Each structure stands twice: as C-alpha cells, then as structure tokens.
Amino acid sequence: MNILKLLADLVAVDPDSYERLSGRRGALTSLGQTGRRAVAAAVPLAFGAVLTKAYGRKSSTILDAFTLALTLEYLESDFYSRALSSSLAFPGTTKAVIEQIAKHEQDHVAFLQATLRASGVEVPAKPTFDFTGSKNGTRTPLFPTVFQDFGTFLKVAQLLEDTGVRAYKGQVDALITDNDLLDAALRIHAVEARHAAHIRGMRRALGANVRPWISTKDESITTAGVTDAVYAGEEAARQLLPDLVNYFPKATSLVVTGTREQATISLGEAFDEPMTAPTATSIAGLFLV
Amino acid sequence: MRRRSFFQVAGATVAASTLVLAGCKDTEVVQPTTTNVLNLGSNDAGVLNYAYLLEQLEAAFYQKVLDTPPADMPKEELALFTELRDHEVIHREYLKELLGANAIPTVEFDFTSLTLTTRAGVLAAARTFEDLGVAAYNGAGKLFTSKAFLVAAGKIASVEARHAAFIHDLAQAPAFTGVVETSGRYTGMATALTPLQVIEAAVKFFPFTVITSGLPTA
C-alpha cells in the first residue's frame, strides 16, 4: 500500500489543498468509480471511510469524462491512420490536411493517456474498431466502402468529428472544478470543431449540400435508429435560460430579420448542442468489433 | 440601480471623470467626453460581457460587409456571409439576454483600419475576427464559476471555430497554421488567449478604452 500516493489523492480532492499543490497540474482532482474502488480495496477500514467521504461526491466525474474522451480519440485516431495506410485515393491536396488531422487526434490520445496515467489510473487500451460498422462481418455493414470511396470516408469523418464536438461539450460541466483540465478539454473541443468544418468543406467541394456548421439545410447522411443520434437535438431553435423556465428567444421574437422559417434554421445553426455520455458511447459502439 | 451596474451601463459613453457622479440616479444626464471607458465588470458577468463585446464586434463587422459588399465577392459567398452575420447577431442577443441588467451597452466600432472594398481584404479581416474570437472563448471557459454560463459559452465556441475554419477555407489559408499548438504540453490543442491579450489585439477597433482589470484571471 502506497500511503503517500493515497494521501496525495486525498488532498487532490480537497480544493484548498489542491490550490497549494500547484505541482499536481495534469492529475485528476477527483477519481471516478474505478479509481475509488481500487483505492478503497487497498486501505484499512477507517481510512477507507475517510476516502469514501472525500471521493464520493458526484456521479459524473472527471475520470469518467476523460475516459469517454479517450475512447472517442482512439476512435478518431485509428480511423484516420487506417484511412491513410489504406488504398483510399485522396484527391488533390486533401491527404496533407487529413495527415494533420490524424496527427492532432494522436496528440489528443497522448495527452489523455498521460493525464490518466499521472492520476494513477490504469489507462484503457485501444479497442478494436471496424469502420465499416459490420462488427467484423457479423452484420450488414453501415459504410462498406469507407476506405475505398473518398465520399464515404468523408461522411464517416464528419459523423465522428461532429460527435466529438458534441461529446466534449457534454463533459465540460463535469470539468468545471479543475481549470487545468477544463482548459485542455475546451481547446481540444475547438480543434475538433475546426476538423468538422474542414471535412464539411471537403464534402461541399465534392458537390454535397452541406455547410461548415450543423444545419437542418444539410443533406442528411444519417440512418434513422442507427446514426441519427449524431445530430439528434442539434436543430434546437431556442435555448433554455439559466432560470430553467424561460427561453431565448422569447416565442414572439425572431432575433434576426428574414422569414420565420429562416430564423428558426439560423437559431439552430448558431449553437452546437452537448451530447450525453451514453449517446456518445453508443455512437462509438457502432464501430466497435 | 446598484453602483456597479451604473458604471457598466454608463461605461461606453461616459468619461472616467464623470465617475465621481457614482451616487447619481441613472436618469441623470452625464456628458460624454473624448475619453470613453468601457468597464466589462467582474465575475461571471464580466466574462459574459467580454464575450458580448466580441459578438457585437463580429456582428457589426459582417453587417458592414453586407451593407457595402466588395464588387469581387460572389453572390453565393455573400449568402453564406449573411448566415454568419445571423449567427453572430443571435450570439450577441443571447449573451445580452443572459446578462440582463449587467450588460454593457451597445457600442460602435472603428473599422477604418480594414480594407473592406476587396474580397481579399474582407476575408483577411474575417479571419482575424474569427480566429481571435475562437482563441478568446478557448481562454475564457475556465474563468466561469457557473456551469450554465460555461455550457452556454461552449455552445457558441464551437460554432465560432466552424466559422473560423470556413473563413480559412475561403481564403485558401492553411487550415491549422497559427491556430493549433505544435509544441509543448498543449500540442494538438487550439490556441487560447487571455482577455487582456484579446482586447490588446483588437484595440484598434475600439474607439474607447476597455477595462478588463475586474475580470477573473483563473
């Protein structure tokens, strides 16, 4: 039993202690279910009770958020690296941009792994993915030509990037207690959004009716009951205000000039909506073997 | 009206010297002078005002472009600029709603340093505004103490990043150069700027002094 490590974990969940221990940058300030069980199993009863009190604070923890993020980054990173090593033909200068995107995803994986490792958590291994969505031939593939047809590749890339943007956004409130990790997550989130917009631009250049932002004017690339969760709720044309009663805009206000129909579309486009962890996990699950 | 909100509302048009009138009622007339001050305030409201100022700036910029578009800008690009303008107006009005009585006033900007008569000039300016806006949101998230405001800003931030990427594409600028870190701990993450850095970078567009000293720094 490593008492020093346990004490370090303990002070890490005490914000006051954390403030004084600036050297712990990058370590998780509160452990999730897995870490909590591992710690509790290793300590005497009385000490364990103290730890349980310290750790047992909230259901959605920083560890949970980072574990989800790592799953999604594994997914994206593996997707691009396999595309780049496949026989897929990349038109024009697109390969260089895809290589840059692939590098960013690798960087995100490395950062998340290092953060988890620094917190004494066992880093989840990269799962095995099947990007055709056939679960290794056990069901009808969703995207049979994902690494043969550039248009299909871009569609899957768009679905993964837009999912990433929404999934990170769904986790930021769990990170609000740790400015350092919140900062990192927001900055990864912004890169995913740039990726998504560029992928959308590549599709537009190939003739697809798609905008850089998520719009109800975009041609649909999802299948009901399978991939439509990627955009479910994105079209929201009003925002619930912090009083949890009123909405922006008020029912009678269009905010922008033009027709009511166009204003509704613009209101949906102007905000990217968060996605819950279970939804993000189930979308990633489409590509798990 | 509380003292703080009096300063904020009065800020854009009232000289620093008039602050001695702090005890006055908000109905009293105070004379603007040439030394205009805009105080963003403090705490979460200060951070929201900071975002609100930047959204006012972006919305005003796109409106100016649409009012007198460059002759060499194609119709389909102007149509997308109209959508961009609408997003920024929506962001602006949403933040104003969140701020309520704490909102800074509507302000006007100085775009005389920009070349808005050519497509290239417009795209260069749009790139400046959008990249700056994204870096501002990236740096501002951690300054919030309210989860509701953090999530609200996050919903806007990724749309700004999409705008920025779109402008990079239109301008045929490198997709990620200068906006994604390439070394250090933040490799692969978006660049972030503090409020002070952002206001300094945009100072030529503000015909007033922006006070950021009340904003949280962490």
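Per chain, numbering begins at 1; letters A, B, ... match sequence-line order. Here the structure is a predicted model, which is why all the values come from computation and not from measurement. Excluded from the calculations below are hydrogen atoms, water molecules and symmetry mates; all remaining heavy atoms, backbone and side chain alike, are included.
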Undergrad: Taking the six-membered ring for Trp, is the centroid-to-centroid distance between F166(B) and H198(A) below 6.0 Å?
TA: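 Not close enough - the centres of the two rings lie 6.0 Å or further apart.
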Undergrad: Would you find more than 12 non-hydrogen atoms of other residues, nucleotides or ligands less than 6.0 Å from E108(B) atom CD?
TA: no
Undergrad: Flag the pair V97(A) / F176(B) as yes when at least one side-chain heavy-atom distance between them is below 4.5 Å, and no otherwise.
TA: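 V97(A) vs F176(B): side chains touch.
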Undergrad: More than 12 heavy atoms of other residues, nucleotides or ligands under 6.0 Å from CD of E261(A): is that the case?
TA: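 12 or below, so no.
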Undergrad: Between H104(A) (side chain) and M189(B) (backbone), is there a donor-acceptor pair under 3.5 Å?
TA: no
Undergrad: How close do K169(A) and K155(B) get, heavy atom to heavy atom, and via which atoms?
TA: CD-CA, 3.9 Å
Undergrad: Given a strict heavy-atom distance threshold of 4.5 Å, which part of T82(B) is in contact with chain A: side chain, backbone, both, or neither?
TA: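 Neither part; nothing is under 4.5 Å.
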Undergrad: When only heavy atoms count and the cut-off is under 4.5 Å, which of residues 133-146 of chain B reach chain A?
TA: V134(B), N138(B), G141(B), K142(B), F144(B), T145(B), S146(B)
Undergrad: How close do D86(B) and V256(A) get, heavy atom to heavy atom, and via which atoms?
TA: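 Looks like O-CG1, 3.6 Å.
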Undergrad: Side chain, backbone, both or neither: which part of V165(A) has a heavy atom under 4.5 Å from chain B?
TA: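 For V165(A), the side chain is the part near chain B, not the backbone.
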Undergrad: Please look at E181(B) and chain A and tell me whether the side chain, the backbone, both or neither of the residue comes under 4.5 angstrom of a heavy atom of that chain.
TA: side chain
Undergrad: Measure I214(A) against the heavy atoms of chain B and call it side chain, backbone, both or neither at under 4.5 Å.
TA: both
Undergrad: Please check if the number of heavy atoms outside K204(B) that lie under 6.0 Å from its NZ is greater than 12.
TA: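 Open: at most 12 neighbouring heavy atoms sit under 6.0 Å from NZ of K204(B).
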Undergrad: Do the non-hydrogen side-chain atoms of R200(A) and R162(B) ever get within less than 4.5 Å of each other?
TA: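 They are in side-chain contact.
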Undergrad: Specify whether F248(A) and Y94(B) have parallel, tilted or perpendicular ring planes, treating 30° as the upper limit for parallel and 60° as the lower limit for perpendicular.
TA: tilted
Undergrad: How about D180(A) and R185(B): do any of their side-chain heavy atoms sit closer than 4.5 Å?
TA: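 Yes - at least one pair of side-chain heavy atoms lies under 4.5 Å apart.
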Undergrad: Can you see which heavy atom on A270(A) is nearest to which on I90(B), and at what distance?
TA: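 Shortest heavy-atom separation between A270(A) and I90(B) comes out as CB-CG2, 3.8 Å.
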Undergrad: Can you tell me which portion of A161(B) sits under 4.5 Å from chain A's heavy atoms? Options are side chain, backbone, both or neither.
TA: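 For A161(B), the contact with chain A is made by backbone and side chain together.
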Undergrad: Give the member of A197(A), A193(A), P212(A) that has the highest number of heavy-atom pairs under 4.5 Å with chain B.
TA: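 With the most close heavy-atom pairs to chain B, the winner is P212(A).
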Undergrad: Among the options H195(A), H108(A), Q239(A), pick out the one with the most heavy-atom pairs lying under 4.5 Å from chain B.
TA: Q239(A)
Undergrad: Where does V89(B) contact chain A at under 4.5 Å (heavy atoms): side chain, backbone, both or neither?
TA: both
Undergrad: I need the minimum non-hydrogen distance between D272(A) and S158(B), along with the two atoms involved.
TA: OD2-OG, 2.7 Å
Undergrad: Can you list the steps and then say if Y186(B) with I188(A) is a side-chain contact (heavy atoms from CB on, under 4.5 Å)?
TA: CA-CA 9 Å; Y186(B) 294 100; I188(A) 294 175; over 6 Å; no
Undergrad: Would you say CZ of R204(A) has more than 12 non-hydrogen atoms from neighbouring residues, nucleotides or ligands within 6.0 angstrom?
TA: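 Correct, the count exceeds 12.
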Undergrad: Looking only at non-hydrogen atoms, find the nearest pair between V151(B) and P274(A) and report the distance.
TA: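 Smallest heavy-atom distance, with atoms named: CG1-CG, 4.2 Å.
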Undergrad: Check whether L267(A) gets within reach of chain B through its side chain, its backbone, both or neither, counting any heavy atom under 4.5 Å.
TA: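 For L267(A), the contact with chain B is made by backbone and side chain together.
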Undergrad: Can you check whether H87(B) and F271(A) have ring centres sitting under 6.0 Å from each other?
TA: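 For H87(B) and F271(A), the ring centres are not under 6.0 Å apart.
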Undergrad: Find the one option among L240(A), V255(A), I265(A) whose heavy-atom pairs under 4.5 Å with chain B are most numerous.
TA: V255(A)
Undergrad: By a 4.5 Å heavy-atom criterion (distance strictly below it), what part of E97(B) contacts chain A: side chain, backbone, both, or neither?
TA: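 For E97(B), the contact with chain A is made by the side chain alone.
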